[in-house]
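Below you'll find the structure, written out as structure tokens, and then a few comments.
Side-chain atoms are counted along with the backbone in the values below, which use heavy atoms only and exclude waters and symmetry mates. Starting from 1, each residue takes its place in the sequence as its number.
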Amino acid sequence: MAKPLSLAEIRKRSVAFVRDWRDEPGAEKQQAHQFVADLLKVYGLSESKAALYEKRARRSSTGRGGYIDALVPGLCAIEMKSKGVDLEAAEQQALDYLDALSGAEMPRWVITSDFATFRLLELSPDGADAITFTLEQLPERCDALAFLAGYQQRTFGSREQEQASVKAAKLMGSLYESLEASGYDDHDASVFLVRTLFALYADDAGVWERDLFYEFVETRTAEDGSDLGAQLSVLFQALNRESSKRQHTLDPLVQRFPYVNGDLFGESVSIPSFDSEMREKLLEACAFNWSKISPAVFGSLFQSVKDKAARRELGEHYTTRTNILKTINPLFMDELRERAVAAHHDVKKLKKLREDLAKVRVFDPACGCGNFLVVAYAEMRALDLQILERLQQLGALSETLFFVAANLKVTLDHFVGLELEEWPARIAATALHLVDHQANLAMELSLGAAPEPLPLTKVDSIHVADALDTDWRAILTPSNDVRIVGNPPFLGHATRSATQAQQLREVWGRQDIGRLDYVTAWFKKAIDYFAGFEGGRFALVSTNSIVQGEPVPALFGPIFEAGWRLRFAHRTFAWSSEAANAAAVHCVITGFDKNAQPPARLFSYPSLKGEATEAPATSINAYLVDAPNVLVEQRRQPLSPELPACTFGNMARDGGGLIVEATDHDAFAADPVASRYLRPFVGARELLHDLPRWCLWMVDLDPRDVAASPLLKERLEFVRETRAKSRAASTAAMAATPHLFGQRSQPDVPYLVIPKTSSETRLYFPTKHAMPETIASDLVFTAKDSDGFLFGIISSSMFLTWQKSVGGALESRLRFSNTIVWNNLPLPTPSMKTRSAVIAAGKDVLAAQALHPQRSLAEHYNPLAMDPALLKAHAGLDRVVDKAFGARKSLHTEQDRQAVLFRRYAELTA
């Protein structure tokens, strides 16, 4: 049996079933088994299957004083009672029996019957109330039990599918763990697992007879597992050979399996050895209902089963369909769906849309386990089916059209992937087969006909190669209909290897790659791939570092110069990586085309893990703001004449010898000589948390003091030795002056201390004044602020918005930069009145802080516990600073302030 019975055939069989059973007395013990066997036969399940399900039910409830009449593992339980017995009570009895089942065996439906009436209960959380219908009504209600034939109404990407995929991956992980522990070759284990996955899925999804593989394992292998490997090898060889060419002496059960092809069973591998425990794990996997899985989610998880740490966390992290749709929908699917709606009454336009669907090629050059390709294929097949249903309603669809794959417009070979490793590439090809079958089942259910599921067409569009060393044009011929999508590796400039850095240089064609992330190579490859084509589009997921700080001009400059625009963008949000042991990453999605229309779409996230809000955009710039398309380059002098120089703090480069921690402070303070050089020392942590720390500041050192203080002498000798051993020539040269910080820029007047990093959760960027006697470390910047004007500017929401928009990040923390953030701050020259208002509002903020002198800056600016008086003071400061930047109305959102800032920047740099 190559595919599920059609509903028409099921209806025909159900009429015969009713005729045979309507006049039977309906005695539970004598007739129940035959009734169940005949009912299953209506839906294409044989007598041997009925016996298998009865055996499974009996075994599953061992020790509970009874058993279910039949259990189709992972699908349904059937409980029979004599005529007239209360079916609700019978249903409750069946539910009691289910407590003894394993998680894999747990059914989704419970069917109870007294021979004259059927009661059907769905056990899923979304299941409706139980329904009942009579035996005589079965022909007209046969679709209610159509799940027995492989028809299961599900939404692709539903929460149910995600949960089922997690369970399925854990089963496969357990099986792999056993294979690994037995010493089975890793490559052969990969091949075996993928073949087993297909067989398990085929058992439940109507590819062949329901539970045929389960029947084979249960009835043709010894309980101790000793012959399981050999028997599976025989079976897998048979699946690779056309039925007519198989040996006539093969086991009749093996002969019932159809020819699969698709290169899935072609490779010769060694025979695995099993024991009884491993066989039980395989049977548990057989008991699971594999038709419920999402190929995209399962593929992400299945990719992780080889990693021990990942196996422990299977189900904790995977790439959801929702996140993938954030990429493919605005890039091309939304447009195609809008065309379908617009052509609802136009046969000619609907047929033209189908022809255009046939032209689309989806290319993922970092495809991993293929989840982007799988979701894109499912969405395009679903849209094509929607068009076909409408054509059928309009009487414009041939009844005989869709019996062969050649009639499809969306086919597997239109979805192309590049993947570095064989294992995920193998999963990607298999996942495409699975989603193809799901799409065909949906077509069969809707239109009454679909391509035969077997033999499989070989998926040869998934290529194993390094995407950065490969000519993409050799993989897929470029055209205006190619849509590049994907989720390339998340590697920052600090974590890339030497090899990856060299790949970046070769892709970008330059030696200086600065702080470019590894992912930027995929952007450059994409624009090179589309050179000469105006209609192509691409959209990639990346960390949000590509739209922050120094790398922005280096990446977006060449993209914009090549004529691309941002068609859409998702601003920073939390993306769960498909790696099972990975945490959520702060990501953006940027999609590009070369068209003036449609208007750009900008998606923002009030909560990083929440839902997006969409707004049309006139023009999305490289910082993902609807504002002038400017690129903020490093600048050595402040753009605004109102801003003084902002200087990097003092770097000791001393191995710690010039730093005095709290544990040593008393000794240095008590030393009459050393104490003269003891100074408060402030870095970012000291500034934010009021932590005491000191340093030895000896720019005016009297050489006689070294001999007079053993403490000083010991520290300076340590510094000299440390520097002398350094591999850095500049540091080794400093050994000649061990009493001096390696790099010095200490202000000689009161100054503002600006931390190098600050938490991204704070509502304001914290800063504080210091006296020149306090030495600033290299973890802060300093700026002279004689009247408090700078304090007001930096403490405002406008400054924080600029910092977030153009500044970089250290992990997720905000990273202040004088050359990018400070020197480019587009502050217009304020009037004296405005300047005085900013200074006064800044003093109000200081006064609010002074209400709680015991609190550190970190405590003052804890986003969950800010004092109302401090919030009020900052709100007043924001109003005057917003006006100082030229705002003509009250600003309430980050986007409002970004629009003002980039407009001012464009004006000041014009």
Q) Do Phe236 and Thr196 touch side chain to side chain, with heavy atoms closer than 4.5 Å? A) yes

Q. How far does CG of Asn289 sit from CG of Leu200, to the nearest 0.5 angstrom?
A. 11.0 Å

Q | Stepwise side chain to side chain contact (heavy atoms under 4.5 Å, CB included) check, Val42 with Leu40 | A | CA-CA 5 Å; Val42 168; Leu40 294 177; over 6 Å; no

Q) Heavy-atom distance under 4.5 Å between the side chains of Phe198 and Val207, does that happen here? A) yes

Q. Just wondering, more than 12 heavy atoms not from Gln93 lying within 6.0 Å of its CD?
A. yes

(Q) Within this structure, what is the CG-CE distance for the pair Leu123 and Met106, rounded to the nearest 0.5 Å? (A) 8.0 Å

Q. So, Glu419 side chain and Glu421 main chain: donor-acceptor pair closer than 3.5 Å or not?
A. yes

(Q) Walk me through whether Ile68 and Ile78 qualify under side chain to side chain contact (heavy atoms under 4.5 Å, CB included). (A) CA-CA 7 Å; Ile68 310 163; Ile78 304 175; 5.6 Å; no

Q: Give a yes-or-no answer on whether the side chains of Glu267 and His187 include a donor-acceptor pair shorter than 3.5 Å.
A: yes

Q: Say whether, by atom type as modelled, one donor and one acceptor occur between the side chain of Asp185 and the main chain of Asp188 under 3.5 angstrom.
A: yes

Q: Would you mind checking if Glu379 and Arg321 are paired as a salt bridge, meaning a charged N to carboxylate O distance below 4.0 Å?
A: yes

Q | Point-to-point distance, once rounded to the nearest 0.5 Å, from CD1 of Ile131 to CG of Leu120 | A | 4.5 Å

Q: Please name the pair of heavy atoms, one in Phe415 and one in Ser461, separated by the smallest distance, quoted to 0.1 Å.
A: O-OG, 2.7 Å

Q: Output the distance between atom OH (Tyr184) and atom CD1 (Ile271), rounded to the nearest 0.5 Å.
A: 8.5 Å

Q. Do you know the tightest heavy-atom contact between Asp204 and Phe288?
A. OD2-O, 2.9 Å

Q.
What I'd like to find out is whether the side chain of Cys367 reaches to under 4.5 Å of the side chain of Ile462, using heavy atoms alone.
A. yes

(Q) Taking Leu179's backbone N and O only, do any of them form a donor-acceptor pair with Ser182's side chain (distance below 3.5 Å, no angle check)? (A) yes

Q | Shortest non-hydrogen separation from Gly266 to Arg195 and the atoms involved | A | N-NH2, 3.7 Å

Q: Could you tell me whether the side chains of Lys281 and Ser178 share a donor-acceptor contact shorter than 3.5 Å?
A: yes

Q | Main-chain N/O of Arg426 paired to Thr430 side chain as donor or acceptor, under 3.5 Å | A | yes

Q. Knowing that exactly one of Tyr53, Tyr214, Phe147, Trp109 qualifies, which makes a side-chain contact (heavy atoms from CB on, under 4.5 Å) with Val72?
A. Tyr53

Q) With the threshold set at 4.0 Å, does a side-chain nitrogen-carboxylate oxygen contact exist between Arg13 and Glu9? A) yes

Q) Is atom NZ of Lys49 surrounded by more than 12 heavy atoms (other residues, nucleotides or ligands) closer than 6.0 Å? A) yes

Q. Should Asp251 and Arg220 count as an ion pair when the cut-off is N to O under 4.0 Å?
A. yes

**Q.** Minimal non-hydrogen separation, Pro453 against His437, with atom names
**A.** CB-ND1, 3.5 Å

Q: Measure from the side-chain N and O atoms of Ser226 to the backbone N and O of Ala222, and report whether any donor-acceptor pair falls under 3.5 Å.
A: no

(Q) So Leu239 and Val254, do their side chains get closer than 4.5 Å, heavy atoms only? (A) no

(Q) Please evaluate residues Phe115 and Glu24 with respect to the criterion side chain to side chain contact (heavy atoms under 4.5 Å, CB included), reporting the C-alpha separation (whole Å), side-chain torsions for both, the decisive distance (0.1 Å), and the verdict. (A) CA-CA 8 Å; Phe115 297 88; Glu24 292 296 324; 5.9 Å; no

Q) Does the gap between the ring centers of Phe192 and Phe274 come in under 6.0 Å? A) yes

Q) Do Arg381 and Asp436 meet the salt-bridge criterion of a basic N to acidic O distance under 4.0 Å? A) yes

Q) Which distance, rounded to the nearest 0.5 Å, do you find between the CG of Asp86 and the CD of Gln92? A) 11.0 Å

Q: Verify whether one side chain among Thr221 and Asp227 offers a donor that lies under 3.5 Å from an acceptor in the other.
A: no

Q.
What verdict does the side chain to side chain contact (heavy atoms under 4.5 Å, CB included) test give for Leu87 and Glu79, after you've listed the backbone C-alpha separation in whole Å, the side-chain angles of each residue and the deciding distance to 0.1 Å?
A. CA-CA 9 Å; Leu87 291 185; Glu79 179 70 17; over 6 Å; no

Q) Would you say the side chain of Ile427 lies within less than 4.5 Å of the side chain of Trp423, judging by non-hydrogen atoms? A) yes

Q.
Give me the atom names and distance for the closest heavy-atom approach of Pro295 to Leu434.
A. CG-CB, 3.9 Å

Q. Got a donor-acceptor contact below 3.5 angstrom from the Glu218 side chain to the Glu215 backbone?
A. no

Q: Would you check if the side chain of Gln438 reaches a backbone N or O of Ile293 as a donor-acceptor pair within less than 3.5 Å?
A: yes

Q | Test item: Trp290 side-chain N/O and Ala285 main-chain N/O as donor-acceptor pair under 3.5 Å | A | yes

Q. Just how far is it from atom OG of Ser82 to atom CG of Asp114, taken to the nearest 0.5 Å?
A. 8.5 Å

(Q) Quick check: closest heavy atoms across Lys81 and Ala90, and the distance to 0.1 Å? (A) CG-CB, 3.5 Å

Q.
Could you check whether any side-chain N or O of Asp263 sits under 3.5 Å from a backbone N or O of Lys458, counting only pairs where one atom can act as donor and the other as acceptor?
A. no

Q. With a cut-off of 6.0 Å (strictly less than), are more than 12 heavy atoms of other residues, nucleotides or ligands near CZ of Arg241?
A. no

Q: Give a yes or no on whether the ring-centroid distance for Phe17 and Phe35 is below 6.0 angstrom.
A: yes

Q. Do the non-hydrogen side-chain atoms of Asp203 and Arg210 ever get within less than 4.5 Å of each other?
A. no

(Q) Any heavy-atom pair between the side chains of Ser48 and Arg256 that's under 4.5 Å? (A) yes

Q. Just by modelled atom types, is the Ser244 backbone N or O under 3.5 Å from a matching donor or acceptor in the Tyr259 side chain?
A. no

Q.
Could you tell me if the side chain of Phe118 sits less than 4.5 Å from the side chain of Thr134, heavy atoms only?
A. no

Q) Would you call Arg279 and Glu223 a salt bridge, using N to O less than 4.0 angstrom? A) no

